[in-house]
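Reminder, nothing fancy here: chain letters follow the sequence lines and each chain counts from 1.
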Amino acid sequence: SEPGRPELVVFAAASTTDLVLALEEGFEAAELRTSFGPSSGLARQIRDGAPADVFLSAHGRWIDLLRESDQVHAERVIAGNGLVCIATPSRFDPLPTTPAELAARCRPADRIAVADRGVPAGEYARASLAATGDLSALEPFFVGQQDVRAVLRSVASGQAVAGFVYRTDARLADVDLLFALPDETHAPVEVRAVSLVETELAAEFLAYLGSEPARRILAEAGFSLPEGP
Amino acid sequence: MIRIQTRYRRRAFSLEVDSASEGPVLGIFGRSGSGKTTLLHILAGLIRPDEVLLEVQGELLARRPGGRWSAPEQRRLALVPQDPLLFPHLSIRANLTFAPGAAEELESPRGQRLIEILRLGALLERSPSALSGGERQRVALGRAWLARPRMLLCDEPAASLDPELSREVLALFLEAKRELGLPMVFVTHRAAELLALADDCLVLEQGKVIAQGTPLEVLAKPKAVGVAQLVGVDNLLRLEVESHDEAGGVTLMGLGEGLRLATPLCAHPVGTSRQVGLYAEDLILCRERPAATSARNALPARITSTDPIGHEIVVTLQLGREQVRARITPSAASELGLSGGQEVVVLIKTTACHHLSG
Amino acid sequence: MIRIQTRYRRRAFSLEVDSASEGPVLGIFGRSGSGKTTLLHILAGLIRPDEVLLEVQGELLARRPGGRWSAPEQRRLALVPQDPLLFPHLSIRANLTFAPGAAEELESPRGQRLIEILRLGALLERSPSALSGGERQRVALGRAWLARPRMLLCDEPAASLDPELSREVLALFLEAKRELGLPMVFVTHRAAELLALADDCLVLEQGKVIAQGTPLEVLAKPKAVGVAQLVGVDNLLRLEVESHDEAGGVTLMGLGEGLRLATPLCAHPVGTSRQVGLYAEDLILCRERPAATSARNALPARITSTDPIGHEIVVTLQLGREQVRARITPSAASELGLSGGQEVVVLIKTTACHHLSG
Amino acid sequence: MSAEELGVIRLSLQVALAVVALSFLPGLLLGRLLARWGSRWRALVQGVVMLPLVLPPVVTGYLLLHLVGRSSPIGRAWYALTGEHIAYTQGACVLAAAVVGFPLLVESVRIAMLGVDPRLEQVSRSLGRGPLDTFVRITLPLALPGVLAGCVLSFARALGEFGATIVLAGNIEGETRQIPLAVHTLLNVPGSEAAVVRLTAISVFFSLVALLGAFWFLRRGERRLASG
Amino acid sequence: MSAEELGVIRLSLQVALAVVALSFLPGLLLGRLLARWGSRWRALVQGVVMLPLVLPPVVTGYLLLHLVGRSSPIGRAWYALTGEHIAYTQGACVLAAAVVGFPLLVESVRIAMLGVDPRLEQVSRSLGRGPLDTFVRITLPLALPGVLAGCVLSFARALGEFGATIVLAGNIEGETRQIPLAVHTLLNVPGSEAAVVRLTAISVFFSLVALLGAFWFLRRGERRLASG
Ligand SMILES: Nc1ncnc2c1ncn2[C@@H]1O[C@H](COP(=O)(O)OP(=O)(O)OP(=O)(O)O)[C@@H](O)[C@H]1O
Ligand SMILES: Nc1ncnc2c1ncn2[C@@H]1O[C@H](COP(=O)(O)OP(=O)(O)OP(=O)(O)O)[C@@H](O)[C@H]1O
Ligand SMILES: [Mg+2]
Ligand SMILES: [Mg+2]
């Protein structure tokens, strides 16, 4: 790292890894030091005193935990996302368009990848399917994965025939897009940033995340953007 | 000079020794399993019995109960174990120079002499696994020797050495005793070694001392049960060659009083005398001369004594002017009704008579 | 009956044996490091030399080159190793019954007899680590024996046994030979064992056969270098007690021709004869009687022969009617200018004369 | 404890036992080979065996997935043969844990075999016992402490394995969810600390049982000897 | 290779070496103790030592965090003493990897020491070498293959350690991000397979180097002996 340049420690959920790395390029005020891990683990670390300045979480629950321990100084929703169902390329022809059809077209040995319980993407997907009444048909095919990107890899490589990932993830690999899960059936998928310290840099970084260059990067990645800066 | 008092139990076996010897060399004698190695290990401090008193050259090395105890390395009583137990990861040289100060000792003229006598010169850079059994035993001896110990503890140091080597090793011990006054406790099965080397000796039997004193005293009383068994009671006769019977394949040798022993044909000139070995179990006793026998020798003899020793009976006989011993079972003895002074006939097969050189 | 032909190199050492023996028992004799153990391991199939031919009782067990090779377990030549090498995780009983069929053999009367002779009865449930050295050696012997092998390979089976036990073990071997015709190859350092047991013997020196034949033949030619060294050339005399000098602390014993040997005072009655041991190195030779000497014995003797053996010279002397041997260095010999027939004076210290029992 | 938790525990035990049963023989033979083998290739083989120890378990999982996954030749051949996939099944749990624990077994066996005097094996041969017999009667019992330790290590490792398993076997409730996967899931759920403690305590308990079992087994052998 | 990757690799090596250096002596002594100790407490101690092997590494991480974390007594005492925290530092990386690899070291040492004939130690004592001298000159060299194998195992395990580290030390770029953590991070970035392969290859390479180093060291000793 360049000498003299201030450092900002950013803890970010693993699912935002590539996003944060892209955003890092555009932030000039400080050298970013990132730490990626599951939101749950990062939140625990922060609560236990890990030296984080900013925390990006894919799930509000863990931010609530930090708020309880009075560690949150400022918060900002930086992007919205949605959930989609993807399938291994050319596994289905024609592509199923509803969860019920997907369930009907799966052979018994087939697997549908989904992020584990507790992992936000997994919670959203299950909640949504439960709300539409499709969970019981699909659940027998579920194989839990430690995070969304593992789901994506598993589907892309054909280990699982289908899987539930974020809309933004589906663009990163060669997979067939089957259908989206309705947004209203699950809690809003939001990437939120909170600053954990009262420093100018942290505030500046939060501001940057709402700035035009950052919004451009987010939009390019497929996120939906909150109301103007 | 060496005072040993100990009492030690180990399962079925219990050892009890109380001995004080004046001379610097104590020999230990005893049949297999009698506790010799155990005693040496107690002296070395490798076993820690509840009751022990050990004094070497006026120095108290252990007294328990009483609280005095020195660790093996403080005693400096170098052990030559029964299994050589060389350090397998070290070269012979490193084995020999293992003890503190042994490296300089090895370089000294005395050390070099030792290496020469033990014939280890060519083996110094070898690994212990590349040695023969006797070579290993010699290294173990040299290793202890070069430790410049207060006293040497040798557990059958010459057991698997050939006679020549063991004689040389014995000479080495003798020299060490004479010139260095090096005290030693050594275990041996050979009476000759005891006689030549030990000032005192201790005979163990099932963990108890059954005889104690100078070797001559102890070995001269072979009737003490155990000692006799250990010393051996075989016959070694020096007889004169009287005539050769080439056709019969025998050489007749004089036993005195007109008796002759038929032995295998040999080339020794008539009139010279030769040693003949006879195992005590090869002598067969009869009350009367049997009508026909394959034994060429059927000789009249007189019983001098009969001694029950262990589970058998040793019969001492006057055969011509020679005294010989026969070993027989108690049942055979009672069948024959043997008693002192009785006349018997001794049968000896020609092939049981062994000509010995020297 | 046993045909051995092999050539084997291992670093500095090379072994070359070509021997055929008729009798069932072959004894191997040789100084430490001469290749005895190596030869047994080749016979057992544990070493695989490039050139080997082994035939036992007409059966070809190995021929290389030539492609014939049987694994050790097919040869059934049970080995009694020099280190007993008991299986440490097995009880003595399990060690003894290790070989296929050995359990039944142990239960048979013959097996029971073996256990009795080897005095293993009380040890059967012990662990090998709880045995003395000699006990371990006996177990190794029993273990091989109970394997009912085609032939036994014994590497100094009696080295650390006391004389009584080794005599009994020898008797056991003799019986096995007589009654079972069990072929054996055995290594020993004791001439007596060779004489009693072996039909043929082989003397090794630095891996080469230096003498071969029946034990009597081989041992009767002690002048062959090596053999003499192995057999030993010490003096064992049977002398008559002539008088006791209690004040002087000596007992005089007759050497014949009016010569007397002063020995340490003993209690043997006058007129009886006793064995006296004399080490060859304890005899000092002089050309003339020295003016004054601490040696009580200064006796005239005539040199019969001088033999350079190894790095020393053995002088055979006629001393009264006894023949004795002295061992001296070559330099001393040339200083004295010794030659056959020459008259010399022999000095012997009283304390160098050892009374032996028997 | 919930029925679900009991199921998780049962599965964990099954998998760990299967791992030990499966890797025992290959581990024994390989350990023995590596202990006695003088060749310079030995280091290479040993390096390959040790791979799963160095690799992050997740990477091991992906490598295995490439090897036996549904689109791999082996995976497809297996499917053609048995109608079953390997990935995302109980078999995959066993495979993942076995691979990860294998180096521990092999190294324990290897070190233990280094301590066995080869001359004892020679004597056994000369007494008429062939190589296999000798291995079973001499080598194996003498190396037993190390062999058992290796089994306990690989059993314990299987009970604790997470990374390779979740990649190769996934986290399927009732099918591949073992204790570590359940713990991982629970850690993502605030307020489930009690269940986490319960499950890890149980897995520790079973390892201790395995350890004590090994001790007992060894002691039994020693006591039988010492009782004489 | 980027400067960042080089930094990750350097850190990994530093940590793995520190782990071996730190655990060597305690592992040696504990292994020796467990090998010779006859007491019935031995099983318990061994069980505790083996714990990190059974526990899912993440759980080990949490236990350690409870033990030395910023709010724990030890953590606070350490802070009062040194002005530094333990958790989320390089020290935490070393601690996490050391704890996880410790059972491997201890077991290897223990098994190797079981193979050393205690009578050799007795002879050494009787020749005038005290207990420490005897340990260094006899016991240690004879157990060397196992001791070195233990070091290599714990080195390799440290290079591959992920679960406990991410909990105790976090995954902080330039501070605690070692190869497995970097690999984990990269796995979440599509298109970075090359970097993943590169990093794992490097970590395998270093383990092999450690392994070959151990071989070379052993061989050297043997060759010195055999050359006579
Ligand atoms: N592994 C080996 N490597 C190299 N040389 C060896 C090896 N083993 C033995 N030797 C050498 O081979 C020769 C013969 O050894 P062997 O063990 O056959 O002797 P031996 O006649 O049995 O002696 P001993 O009576 O001392 O047991 C010796 O000189 C020994 O040093
Ligand atoms: N560890 C042990 N546990 C129980 N008994 C033992 C142990 N070691 C030896 N013994 C027994 O103690 C007795 C004495 O053994 P020791 O080794 O002292 O005999 P030894 O006189 O040296 O015999 P040897 O001449 O055969 O070497 C023997 O009966 C032996 O069986
Ligand atoms: Mg003994
Ligand atoms: Mg030998």
Side-chain angles (χ1 to χ4, degrees), chain D residues 35 40 42-44 46-47 50-60 62-63 103-104 107-116 142-143 145-147 149-150 152-153 155-157 159-163 179-181 183-184 187 196-197 199-200 203-204 206-208 210-212 214-216, chain E residues 35 40 42-44 46-47 50-60 62-63 103-104 107-116 142-143 145-147 149-150 152-153 155-157 159-163 167 179-181 183-184 187 196 199-200 203-204 206-208 210-212 214-216:
Chain D
R40 50 187 64 229
R42 189 185 73 170
L44 193 77
Q46 204 166 334
M50 224 185 258
L51 262 192
L53 201 76
V54 206
L55 295 178
V58 175
V59 173
T60 306
Y62 278 113
L63 287 179
L104 305 183
E107 276 297 283
S108 299
V109 171
R110 185 180 73 89
I111 301 170
M113 299 250 166
L114 280 179
V116 177
L142 285 175
V147 171
V152 172
L153 286 177
F155 179 82
R157 187 75 180 81
L159 278 183
E161 163 50 29
F162 169 74
I179 294 178
L181 299 173
V183 166
H184 188 256
L187 281 175
V196 168
V197 169
L199 283 176
T200 50
S203 111
V204 168
F206 282 117
S207 292
L208 275 185
L211 194 67
L212 288 173
F215 271 121
W216 172 83
Chain E
R40 50 187 63 228
R42 189 183 73 170
L44 193 78
Q46 205 167 336
M50 224 185 256
L51 261 191
L53 201 76
V54 206
L55 295 177
V58 174
V59 173
T60 306
Y62 278 114
L63 287 180
L104 305 182
E107 276 297 281
S108 299
V109 172
R110 186 181 71 89
I111 301 168
M113 298 251 167
L114 280 179
V116 176
L142 286 175
V147 171
V152 172
L153 286 177
F155 179 82
R157 188 73 180 81
L159 279 183
E161 164 50 29
F162 169 74
V167 173
I179 293 177
L181 299 166
V183 165
H184 187 256
L187 280 175
V196 169
L199 284 176
T200 48
S203 113
V204 168
F206 281 118
S207 292
L208 274 184
L211 195 68
L212 287 173
F215 272 122
W216 171 83

Asks: Is it the backbone or the side chain of Leu104(E) that comes under 4.5 Å from a heavy atom of chain D, or both, or neither?
Replies: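 Contact with chain D involves the side chain of Leu104(E) alone.
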
Asks: Can you give me the closest heavy-atom contact between Val54(D) and Ser203(E), atom names plus distance?
Replies: CG1-O, 3.5 Å

Asks: If you take all heavy atoms of Gly160(D) and Pro57(E), which pair is closest and at what distance?
Replies: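 Looking at all heavy atoms of both residues, the shortest contact is O-CD, 3.8 Å.
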
Asks: Less than 4.5 Å to any heavy atom of chain D: does that hold for the side chain of Leu211(E), its backbone, both, or neither?
Replies: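 For Leu211(E), the contact with chain D is made by the side chain alone.
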
Asks: Tell me, side chain or backbone of Phe206(E) under 4.5 Å from chain D's heavy atoms, or both, or neither?
Replies: neither

Asks: Between Leu159(E) and chain D, which part of the residue has a heavy atom less than 4.5 Å away: side chain, backbone, both or neither?
Replies: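 Leu159(E) touches chain D through backbone and side-chain heavy atoms alike.
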
Asks: Which residue out of Leu142(E), Leu55(E), Leu181(E) racks up the most heavy-atom pairs below 4.5 Å with chain D?
Replies: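 Most heavy-atom pairs within the cutoff with chain D belong to Leu55(E).
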
Asks: Shorter than 4.5 Å, heavy atoms on both sides: which option in Val59(D), Leu153(D), Val58(D) has the most such pairs with chain E?
Replies: Leu153(D)

Asks: Between Leu187(E) and chain D, with a heavy-atom cut-off of 4.5 Å, which part of the residue counts as in contact: side chain, backbone, both or neither?
Replies: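 When you check distances to chain D, only side chain atoms of Leu187(E) fall under 4.5 Å.
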
Asks: Given that the side chain runs from C-beta out, which part of Leu51(E) has a heavy atom under 4.5 Å from chain D: side chain, backbone, both or neither?
Replies: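 Looking at Leu51(E), just its side chain touches chain D.
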
Asks: What part of Gln46(E) is in contact with chain D, defined as an atom under 4.5 angstrom from a non-hydrogen atom: side chain, backbone, both or neither?
Replies: both

Asks: Could you look at Leu53(D) and say if it's the side chain, the backbone, both or neither that has a heavy atom under 4.5 Å from chain E?
Replies: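 Looking at Leu53(D), backbone and side chain both touch chain E.
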
Asks: Most heavy-atom pairs under 4.5 angstrom with chain E, which of Ala210(D), Gly115(D), Ser207(D), Pro103(D)?
Replies: Ser207(D)

Asks: Kindly give the heavy-atom pair with the smallest separation between Ala149(D) and Ile111(E), and that separation in Å.
Replies: CB-CD1, 3.9 Å

Asks: I need the residue from Val204(D), Leu208(D), Leu212(D) with the largest number of non-hydrogen atom pairs under 4.5 Å to chain E.
Replies: Val204(D)

